[in-house]
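Single-structure report; data block below.
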Amino acid sequence: MNRLFGLMLVLSFLAQLAVPASMILGRETTLRDGQQFRFRTAPVDPYDPFRGRFVALNLDAASAPLPKDMKLKYRQKVLVRLAVDEAGFAYCRDIVSEAPQEGAYLTARVQSWNKETVRLQLPFDRYYAEEDLAPEIERAYRANSRRDKHEAYITVRVRDGRGVLEELYIADLPVAEYLRQQAVAKQQG
Amino acid sequence: MSKKDCIAWLYRELPELVRSRVLDEAAADQLRNHYGPAPEQRRRSLGLVICAALGALLVGLGVILLLAHNWTDLSRPQRTLLSFAPLLLGQALAGWVWFKRRSSLAWCEGTATFLLLAVGASIALVGQTYHISGDLPRFVLVWMLLGLPLIYLFGAALPALLYWPGVTWWCAIGAHDNLPVMFYWLLAALPLPFWWGLVKKGRRKLAAGWLSWVLALCLPVALGCSSHAALEHLWAPLYLSLFAVFFLLAGQWSLPSVVSRPFRLIGSWGTVGLMLLLTLKDVWRELPRHYLFEAGRSAWPEYLLLAVLLLAALGLLVRSLVSRRWLDSLFGLAAPLVILQLLAGPQLLPSDLSLIIGNIYLLLLGGAVLRAGLHTGALPRINVGLGIISALIAVRFFDSQLSFTVRGLLFIIIGCAFLVVNLLVKRQEVRA
């Protein structure tokens with residue numbers, strides 16, 4: 001009996017380790033081998049009690065044409081084929097029922113739909129940042145977007161339906177670098 | 001009071017008894033020899049267990065908050081390693097406790113609680129490192145399931161105290177995401193053998209009592225969330241059946257009062273609250289519109305849940321009637337009464353008549369509780385009886401939907417009932 005309980009303890013420890021390990025493995029593989037896309041975004045700053053402060057990413061590409069032969073349900077998982085526009089940013093081309101043989105695709109969730117388009121939740125809708133940094137990012141983005149000079153975008157690696165966020169860029173600079181330059185400019189000016 | 005508490009009390013009294021010459025020193029010594037050493041250890045160890053469990057809880061929550069700060073300076077590989085740190089620390093501690101301190105409840109409670117929180121912190125940090133989208137229901141469910149074995153392996157109550165609210169939280173947020181939240185009932189049942197073991201052994205009464213409170217509070221919340229798809233059709237029968245099961249089951253099983261009290265209280269107040277709600281004209285008229293069977297075939301899990309709860313409630317009601325526990329039976333009668341009224345529909349039973357039946361039921365219930373209280377001289381019960389009747393009066397007074405005539409008649413009936421109850425009680429007292 002004691003040995004059985006001991007075995008169960010070891011198994012439960014292994015299961016506890018396996019969950020974060022499998023999460024890491026899947027993401028690392030995608031970051032290493034996945035195809036890179038850029039998504040236009042608008043960052044805003046909310047809060048998660050467990051994972052801390054993050055920047056919610058309001059993605060321009062989070063919608064696709066309504067499929068004709070598919071019955072949709074709220075929060076349903078769907079497969080979305082990706083394409084790239086003339087400016088080099090990714091968008092959701094269409095919703096498909098089976099994983100395509102060629103081209104990149106993502107697993108997303110249905111948020112809402114109307115007669116023409118389906119609003120989607122893509123698997124990278126938040127960028128976690130240090131607690132003081134997240135509001136800064138939102139402020140920096142707002143300042144930029146008002147002047148309409150630069151835009152914010154994220155780079156994402158996509159592989160086998162999984163998308164992993166690489167970096168958030170403002171004015172073509174990684175966000176940490178952008179904020180550093182802004183701070184330096186503020187001190188000098 | 002347990003035997004240990006009685007002995008502790010006796011030992012505290014002995015010096016005074018000797019001083020006032022009720023006992024001589026030799027008799028006091030004989031008593032001490034008979035009952036053995038003073039049982040002070042229990043209270044001290046209970047305090048130690050509570051301190052250890054709360055300490056581990058606070059440290060674990062502190063680790064989650066520290067990691068939530070999100071240290072930008074750390075590289076991805078460093079953060080990946082860091083995400084395993086609290087988990088490995090918790091597991092190492094748990095392994096040490098398993099081999100060296102398994103007999104210490106304080107160590108077991110503290111370590112199991114810390115490890116449960118470390119599991120959550122670890123998954124959360126990986127999510128933070130890779131900017132994983134906010135799938136909160138899945139995170140909560142995986143976290144709780146990974147922590148569940150700790151309850152049994154360490155015999156720890158605090159992880160169970162966290163587990164039930166955790167799965168209830170999953171049920172609430174999962175309902176919004178259209179997840180199969182009916183599985184909640186299976187998930188909630190998983191720590192039940194542990195809780196039942198504590199209740200049956202009659203040890204660790206404090207832990208058993210706390211677990212009972214948490215369970216009795218979580219189940220009604222989860223009932224609404226798990227049957228959200230058909231709730232507008234079934235809320236009244238579902239909740240009345242659950243409260244009847246709570247009240248009757250806790251009354252019929254010979255459970256320690258610390259365990260049965262939460263179920264009795266929530267069951268009785270839930271029944272009274274719902275029945276008061278159902279005496280409101282607007283609420284009652286809305287019910288037949290969402291007719292009982294209109295939820296459709298897709299709502300079969302909700303109907304199955306209702307059937308199970310209702311059958312249990314009816315079985316317990318019959319048992320209560322057979323053993324002539326009239327007051328308990330009156331509480332248990334609410335669920336079948338409302339279901340019969342709903343089945344009859346407004347064609348067979350006009351809604352005004354249904355409202356009057358509801359009022360009479362509550363009046364009888366309040367009167368019966370009051371009578372039982374007066375009979376036994378139990379002040380809390382007298383207050384409960386008066387509370388039910390006063391609540392009924394207050395609801396009727398503010399219920400402007402009823403016409404003045406109906407309200408006037410109801411007030412007269414209630415007033416007469418008060419007088420009759422008083423008269424009956426007086427007569428009984430005179431006869432005694």
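Throughout, protein chains are lettered first and strands after them, A, B, ... in sequence-line order, and every chain is numbered starting at 1. This structure is a prediction, so every number in the text was calculated from the model and none was measured.
- Between chain B and the residues Val19(A), Leu11(A), Leu17(A), the most heavy-atom pairs under 4.5 angstrom are made by Leu17(A).
- For Leu148(B), no part lies near chain A; criterion is any non-hydrogen pair under 4.5 Å.
- Atom CH2 of Trp210(B) has 12 or fewer heavy atoms from other residues, nucleotides or ligands within 6.0 Å.
- Of the listed residues (Thr80(B), Val119(B), Asp177(B)), the one with the most heavy-atom contacts under 4.5 Å to chain A is Asp177(B).
- In terms of heavy atoms, Ala104(A) sits closest to Val158(A) at CB-CG1, 4.1 Å.
- There is no side-chain donor-acceptor pair under 3.5 Å between Tyr178(A) and Asp172(A).
- Heavy-atom neighbours of Trp96(B) CH2 from other residues, nucleotides or ligands within 6.0 Å: above the threshold of 12.
- With 3.5 Å as the limit, one finds no donor-acceptor pair spanning the side chains of Tyr74(A) and Ser112(A).
- Neither the backbone nor the side chain of Leu145(B) comes within contact range of chain A; no heavy atoms are under 4.5 Å apart.
- Both the sub-6.0 Å distance and the 45° axial angle are satisfied by Arg38(A) relative to the ring of Phe89(A).
- At a 4.5 Å heavy-atom cutoff, the contact between Leu122(A) and chain B is made by backbone atoms alone.
- The parts of Tyr130(B) that come within reach of chain A are both its backbone and its side chain, each placing non-hydrogen atoms under 4.5 angstrom from that chain.
- Heavy atoms closer than 4.5 Å to chain A are found in the side chain of Leu115(B), but not in its backbone.
- At a 4.5 Å heavy-atom cutoff, the contact between Phe154(B) and chain A is made by side-chain atoms alone.
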